[in-house]
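What follows is a short report on a single structure.
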Amino acid sequence: MPELAAPLVEWYGRNARDLPWRREGFGAWGTLVSEFMLQQTPVARVIPHLEAWLDRWPTPGALAAEAPAEAVRQWANLGYPRRALWLHRAATEIRDRHGDVVPRDVDALLALTGIGDYTARAVAVFAYGDHHPVVDTNTRRVLARAVAGRGQPGPPSRRDLVDMAAVLPDDVEAAAVVNAAAMELGATVCTARSPRCEACPLADVCRWRAEGYPDTGDTRRRQAKYEGSDRQARGAVMRMLRDAAPSAVPLETIIADWPDRRQRDRAIDSLVVDGLVEASDGLLHLPRGRTGPDSTIPLS
DNA sequence: GATCCGTGGAC
DNA sequence: TGTCCAAGGAT
């Protein structure tokens, strides 16, 4: 295995972007919120939302004190609104289980709603400076190319953590930098579509490059079409409820002109199941949390 | 392990 | 214009 850590550290020192969560003393709560927002949402779209969020809710307890509806509304158009619900839930868990302090232990982090292998280790490493492999889609692509000689990574696997751990130096601070550098390289140089190998610090040791960029077979699955999908219908419902803030909307007026009535009903029903909306007295609204008995009535 | 889950920008 | 992609996680 080629030595990747040293060139990554050197490159990162000169090329790291100045991002909010890399500021000194950004804090574990800020790191956690940023990681939630960055789950499948590009950096450029996250930054303004992140700052507004932390401005409004500087601690987990501040967020937990409000209804989930407020989190979903503040989430705005970041996409995947379940993440807002999960972040609110995680904030409540942090307040109740951890004295309003974001935990440092990976297993404690993994036990929080909406936190998986990536986010748990990202918080432990970037907020607390501990020694763990942090593996996101960028890192997986860098390792796939530089080490495995493949153009694209295979499906995510727990083995990715082992692979990254093998690259990390023993030194705790250096390991954190290597984690960040692998992600940064994948995000800015070793990109999915047109990698800029001429600017890559790993070009000399990259197996994929050395072997002439073989087409190793792309196992990626095509993303389902969005136009006309259930997801689009759900998105339209959520947008309508967000814009109707803070009031409830008569159920029958919700995306009433949606072309496919079955799909429209299915979207609302699934959102209720997910806890993203609640129905009561023929009205639909964002989740208010525990407001008393019978605050939620099944649709059918 | 395969699927589902939003939204918008880049090419 | 359509396709691809984006600091994943839950089921």
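What you are looking at is a predicted structure, and each value in this text was computed from that prediction instead of being measured. We name chains A, B, ... by the order of the sequence lines, and we start the count at 1 in each one.
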For the pair made of [atom1] in [X] and [atom2] in [N], what is the distance, rounded to whole Å?
X	N	atom1	atom2	value
A/Leu112	C/dG8	CG	P	19 Å
A/Leu109	C/dG9	CG	P	11 Å
A/Leu78	B/dG9	CG	P	12 Å

Practice task
Give a yes/no on whether any side-chain N or O of A/Arg140 is located under 4.0 angstrom from OP1 or OP2 of C/dA6.
Solution key: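 False: A/Arg140 side-chain N/O out of range (4.0 Å or more) of C/dA6 OP1/OP2.
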
Practice task
Check whether any side-chain N or O of A/Tyr226 sits under 4.0 Å from OP1 or OP2 of B/dT7, and answer yes or no.
Solution key: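 It does, given that an N or O in the side chain of A/Tyr226 lies less than 4.0 Å from OP1 or OP2 of B/dT7.
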
Problem - Distance-only donor-acceptor test (3.5 Å): side chain A/Gln40, base B/dC5 - result: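 Looking at the base of B/dC5, it does not pair with any donor or acceptor on the side chain of A/Gln40 (distance under 3.5 Å).
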
Problem - Heavy-atom donor-acceptor pair, A/Thr113 side-chain to C/dG9 base, under 3.5 Å - result: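 Donor-acceptor pair under 3.5 Å: no.
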
Select one nucleotide: of [options], the one nearest the side-chain heavy atoms of [X].
X	options	answer
A/Arg141	C/dG9, C/dA6, B/dG6	C/dA6
A/Asp136	B/dG8, C/dG8, C/dC4	C/dG8
A/Tyr80	C/dG9, B/dC5, B/dT7	B/dC5
A/Arg222	C/dT3, C/dA7, B/dG6	C/dT3
A/Arg45	C/dA7, C/dC4, B/dG6	B/dG6
A/Arg193	B/dG9, C/dG9, C/dT3	B/dG9

Problem - side-chain hydrogen bond (donor to acceptor under 3.5 Å, both in side chains) assessment of A/Trp57 paired with A/Gln74 - result: CA-CA 11 Å; A/Trp57 297 308; A/Gln74 184 72 35; over 6 Å; no

Handout entry: Comparing A/Pro155 and A/Asn77 on DNA chain B - which has the more 5′ nearest nucleotide
Key =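 Its nearest nucleotide being more 5', the pick is A/Pro155.
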
Practice task
Would you kindly compare A/Ala236 and A/Pro156 by the position of their nearest DNA chain B nucleotide and give the one closer to the 5′ end?
Solution key: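 The residue mapped nearer the 5' terminus is A/Pro156.
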
Practice task
Ignoring hydrogens and angles, state whether a donor on the side chain of A/Ser157 or A/Asp160 is under 3.5 Å from an acceptor on the partner side chain.
Solution key: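 Absent: no donor and acceptor within the cut-off.
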
Handout entry: Euclidean distance for P, B/dG8 against C/dG9 (whole angstrom)
Key =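 Comparing P positions in B/dG8 and C/dG9 gives a spacing of 23 Å.
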
Problem - Atom P, compared across C/dA7 and B/dT3: separation rounded to whole Å - result: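 About 23 Å, rounded to a whole number of Å.
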
Exercise for the section: Report the residue (A/Thr191 or A/Lys225) whose heavy-atom-nearest nucleotide on DNA chain C is the more 5′ of the two. Expected result: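 Upstream on the strand: A/Lys225.
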
Exercise for the section: Using the closest heavy atom to pick a nucleotide of DNA chain C for each, name whichever of A/Gly114 or A/Trp21 lands nearer the 5' end. Expected result: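 Per heavy-atom nearest nucleotide, the more 5' residue is A/Trp21.
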
At under 4.0 Å between heavy atoms, what does [X] touch on the DNA or RNA strands: base, sugar-phosphate, or nothing?
X	answer
A/Leu19	base
A/Arg159	nothing
A/Ser34	nothing
A/Gly79	base
A/Thr139	nothing

Problem - Smallest separation among heavy atoms of A/Leu286 and A/Glu278, with atom names - result: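 For A/Leu286 and A/Glu278, the tightest heavy-atom pair comes out as O-OE1, 4.3 Å.
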
Practice task
Can you establish whether the number of heavy atoms outside A/Arg159 located under 6.0 Å from its atom CZ is more than 12?
Solution key: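 Counting neighbours around CZ of A/Arg159, 12 or fewer heavy atoms of other residues, nucleotides or ligands fall under 6.0 Å, so no.
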
